[in-house]
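Inspection log for the structure reproduced underneath, given as structure tokens.
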Amino acid sequence: MYPAAFEYHAPASVREALGLLGQYKDDAKLLAGGHSLVPMMKLRLAQPKHLIDLKKIPGLSYIKEDGGAIAIGAMTTHWQVESSALLKQKCPVLSETAAVIGDPAVRNLGTIGGSLAHADPAADMPATIIAHGAEFVCEGPKGRRTVKVDDWFLGLMSTAVKEDELLVEVRVPLWAGKTGGAYLKFPHPASRFAVVGAAAVVTLDGAGKCTKAGVGITGAGIKAVRARDVEAGLVGKNLDQATIEAAAAKAAEGVDVQADLQGSVEYKSHLCRVFARRALEAAVKRARG
Amino acid sequence: MKLPVKMTINGQTTSHEVEPRLLLVHYIRENVGLTGTHVGCDTSQCGACTILMNGQAVKACNLFAVQADGASIQTIEGLAKNGELHPIQQGFWEKHGLQCGFCTPGMIMAACQLLERYPTPTEEQIRHQLEGNLCRCTGYHNIVKAIQWAAETMAAKK
Ligand SMILES: Cc1cc2nc3c(=O)[nH]c(=O)nc-3n(C[C@H](O)[C@H](O)[C@H](O)COP(=O)(O)OP(=O)(O)OC[C@H]3O[C@@H](n4cnc5c(N)ncnc54)[C@H](O)[C@@H]3O)c2cc1C
Ligand code: FES
Ligand code: FES
């Protein structure tokens, strides 16, 4: 399959990339790992006249500790996230999430920035990023701005990054105290995308009471969402099995669950509850250590 | 507008002028004439087109040739040395890891990366690492055995 013809640009800096975006506007598309965009171009669902490849821009691929957070460059690949010693030690759920995206070849080229900018409703990383309360750094002609994760996912494949901006960094707050997390999904048997996926991060105080909880759900609706009702059922409580089950029972509330080829609304809502419970059980076990 | 691309494929430098929309797999097969890399699904699902780019397994049907400008590429044709099969190729022979053979070049290139990252893989690791490569014939069991055979042979040679 051949995509429609386009002009290829490989800028050497963010500034140059922003210049090209400003020049070609709607006719341009940014290219990161190409593992969402290229298939769409081959099917001619996307026909950009100009493709701006971010791969040759130095300094967009890194994982480092920076002021109470782990900063991850937008062009960092899923494999780099999966295999990062720093993340495995400080934020293991990110590595574990990256490790179940697609297959090794997809992870070698697909990027965290591409995944979060593309916002596929069945993508894995959005759930984990929501559970961690991450932040996004975008760069545009007027400089950089930070967007909170709750303001990031706007709708079906739509995010807060503006047309004249690049997502340049994702910032994940460091875990404090007794914290544990997990991401679990029911994978589509062919594509490995999440039919439903749930991420949970919980923090406990010395007495074992939950002081903070983040729960993200992906796959079920048109975009990944924070499961607020589940979180509310956890904070301030001792996370025994009954509490976890009662909280997880609300996992489909606030999710605009969509029926599709993978299942009915009822079935996918059920998966939300089951995977939220399993993710919470695993997270609490880890937080207790 | 055509663009110049230059890359090293199995140790040999190639350069051509190509349209930006030319896929890397077609560049390798049609411009360079190495037809060991197959096109199966053409939708980045099956892994028949897997090659190594700068040492990493990638699906060549999901990349443009211009993205590989300057890269070092390895295809199935580059594995055997002086007429001697690579241990992974030998493993597929020994353990009957193929039937029609269509998926085999991609399987073997994926296995190269697998054994580089996990030199003594468990069966579960082998199966997880091959999730991007589909085989419609073998049922995978003999492919797993072939890779186990290769891992043991490569470890013994070290
Ligand atoms: C066979 C297959 C299986 C897959 N399975 C899974 C799976 O199980 N789970 C999963 O989560 N994903 C899966 N994916 C998707 C994969 O993770 C993609 O890599 C990812 O969604 C997009 O990242 P990319 O770097 O490839 O982005 P691209 O495809 O290059 O770009 C995607 C979109 O984001 C925009 N964009 C990219 N980078 C930026 C940036 N820095 N700033 C602003 N906009 C940007 C692009 O313009 C484009 O519109 C799969 C893909 C394939 C091909
Ligand atoms: S032909 Fe490339 S993945 Fe199937
Ligand atoms: S041997 Fe026929 S597809 Fe694998």
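In what follows, chains carry the letters A, B, and so on, assigned in the order in which the sequence lines appear, proteins first and then strands, with residues in each chain numbered from 1. What's counted below: heavy atoms across the whole structure, side chains too, no hydrogens, waters or symmetry copies.
- Residue A:Leu37 does not touch chain B at all, counting heavy-atom pairs closer than 4.5 Å.
- At a threshold of 4.5 Å between non-hydrogen side-chain atoms, the residues B:Leu52 and B:Ile73 do not count as touching.
- Counting heavy-atom pairs under 4.5 Å between each of B:Ala57, B:Cys61, B:Ala110 and chain A puts B:Ala57 at the top.
- Contacts of A:Leu43 with chain B are absent, with no heavy-atom separation under 4.5 Å from either backbone or side chain.
- Here ring-ring contact (aromatic ring centres under 6.0 Å, His included) pairs that include residues 46-95 of chain B, with residues two or more places apart or in two chains, are A:Phe6-B:Phe64.
- In this structure the side chain of A:Phe153 reaches within 4.5 angstrom of the side chain of A:Leu116, judged on heavy atoms.
- The shortest distance between side-chain heavy atoms of A:Ile72 and A:Leu94 falls below 4.5 Å.
- Contact annotation for A:Ala4: only backbone heavy atoms (N, CA, C, O) come within less than 4.5 Å of a heavy atom of chain B.
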List the atom pairs, donor and acceptor, that lie under 3.5 Å between side-chain atoms in residues 95-102 of chain B and the rest of the protein, sequence neighbours left out.
none

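- Both the backbone and the side chain of B:Leu22 come within contact range of chain A, with heavy atoms under 4.5 Å apart.
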Using only distance, no hydrogens or angles, which N or O donor-acceptor pairs sit under 3.5 Å between chain B and chain A?
from     : atom 1 : to       : atom 2 : distance (Å)
B:Arg21  : NH1    : A:Pro3   : O      : 2.9
B:Asp42  : O      : A:Lys42  : NZ     : 2.9
B:Asp42  : OD1    : A:Lys42  : NZ     : 2.7
B:Asp42  : OD2    : A:Met1   : N      : 2.5
B:Gln56  : NE2    : A:Asn108 : OD1    : 3.3
B:Ala57  : O      : A:Asn108 : ND2    : 2.7
B:Lys59  : NZ     : A:Asp103 : OD2    : 2.7
B:Cys61  : O      : A:Lys42  : NZ     : 2.6
B:Asn62  : ND2    : A:Gly34  : O      : 3.4
B:Asn62  : ND2    : A:His35  : ND1    : 3.1
B:Asn62  : ND2    : A:His35  : NE2    : 3.3
B:Gln113 : OE1    : A:Asn108 : ND2    : 2.8
B:Arg117 : NH2    : A:Asn108 : OD1    : 2.7
B:His128 : NE2    : A:Ala99  : O      : 3.3

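- Taking B:Glu152 as the reference, nothing meets the side chain to side chain donor-acceptor pair (under 3.5 Å) condition, with sequence neighbours excluded.
- Looking at A:Pro187 and A:Val100, their side chains never come closer than 4.5 Å, going by heavy atoms from C-beta outward.
- A donor-acceptor pair under 3.5 Å links the side-chain atoms of B:Glu77 to the main chain of B:Gly36, judged by distance alone.
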